[in-house]
Amino acid sequence: QVTLKESGPGILQPSQTLSLTCTFSGFSLSTYGMGVGWIRQPSGKGLEWLANIWWDDDKYYNPSLKNRLTISKDTSNNQAFLKITNVDTADTATYYCARIVIFNYGSYFDYWGQGVMVTVSS
Amino acid sequence: DIQMTQSPSLLSASVGDRVTLSCKASQNIYKYLNWYQQKLGEAPKLLIYYTNSLQTGIPSRFSGSGSGTDYTLTISSLQPEDVATYFCQQYNSWPLTFGSGTKLEIK
């Protein structure tokens, strides 16, 4: 059974660094074709993909967030992490982590965490 | 970036209706398209991958089709539990992008 759960600070101030953790079970990030992605959703709005990390430590980032994102993993402890530097109110959102799987014709997010709400406010 | 445009943004239909949701890409995405369902207060759920492949456990009333820039999610007989927002997502190129969603209601 695959499960993922996000954790984060809840609230932080502008210019701070947001650190998120995704703790998962039921799969390994050392297995070929497995990855974890981060996606966020402002309240009442759409989904924005942020970053992916793959079993081989390959990483992809959304260039719209320029150099503010860092994704990493701890395979031994079944965790993935996302840091966003210099946050502002536009980063207020629910943040999801999701398993991403490679198959013959690409990839998809097949399991998602419940999401963690993050508010940026002074 | 590839822009994904979904229409309509809001759709109201009756139980038992055949419902069609549209997703249009700003360039050819070669069928590299997934569909997700998000119910209120929940995380998104994968319905369809690679345009027309039904994810395990998803009812067969859901189907997908399309090619090039135009894609469709069809619900053959709308059920009350299908009330949700539906998002398409392309994976032809980075960055991955989602449509803005179609909110489906029961009339």
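Just so it is clear: chains get the letters A, B, ... in the order the sequence lines come, proteins before strands, and each one is counted from 1. Since the structure is predicted, the reported quantities are computational estimates derived from the model, not experimental observations.
Residue B:K31 qualifies as open at atom NZ: its count of foreign heavy atoms under 6.0 Å is 12 or below. Dense packing is recorded around CG of A:D58, with more than 12 heavy atoms of other residues, nucleotides or ligands lying under 6.0 Å away. Around the OH atom of A:Y105, the shell of radius 6.0 Å holds no more than 12 heavy atoms that belong to other residues, nucleotides or ligands.
Between chain B and the residues A:G106, A:G46, A:S64, the largest count of heavy-atom pairs under 4.5 Å involves A:G106. Per-residue counts of heavy-atom pairs under 4.5 Å with chain A were compared for B:L96, B:T56, B:N34, B:L46; the largest is that of B:L96. If you tally non-hydrogen atom pairs under 4.5 Å between each of B:G99, B:P95, B:P44 and chain A, the highest count goes to B:P44.
At a 4.5 Å heavy-atom cutoff, A:Y111 makes no contact with chain B through either its backbone or its side chain. In this structure, chain B has no heavy atom under 4.5 Å from any part of A:L50. Interface residue B:Q38: only side-chain heavy atoms are found under 4.5 Å from chain A. Looking at B:Y30, there are no atoms closer than 4.5 Å to chain A (heavy atoms on both sides), in backbone or side chain. Neither the backbone nor the side chain of A:N104 comes within less than 4.5 Å of any heavy atom of chain B. For chain B, the nearby part of A:Y96 is the side chain; its heavy atoms alone come within less than 4.5 Å.
Once rounded to the nearest 0.5 Å, the distance linking CH2 of A:W38 with CZ of A:F81 reads 9.0 Å.
Of the possible donor and acceptor atoms, none in the side chain of A:Q13 sits under 3.5 Å from a partner among the backbone N and O of A:S122.
Ion pair A:D91/A:R68 flagged as a salt bridge, since at least one NZ, NE, NH1 or NH2 atom sits closer than 4.0 Å to an Asp/Glu carboxylate oxygen.
With hydrogens and angles left out, the side-chain atoms of B:T97 and B:Q90 include a donor and acceptor closer than 3.5 Å.
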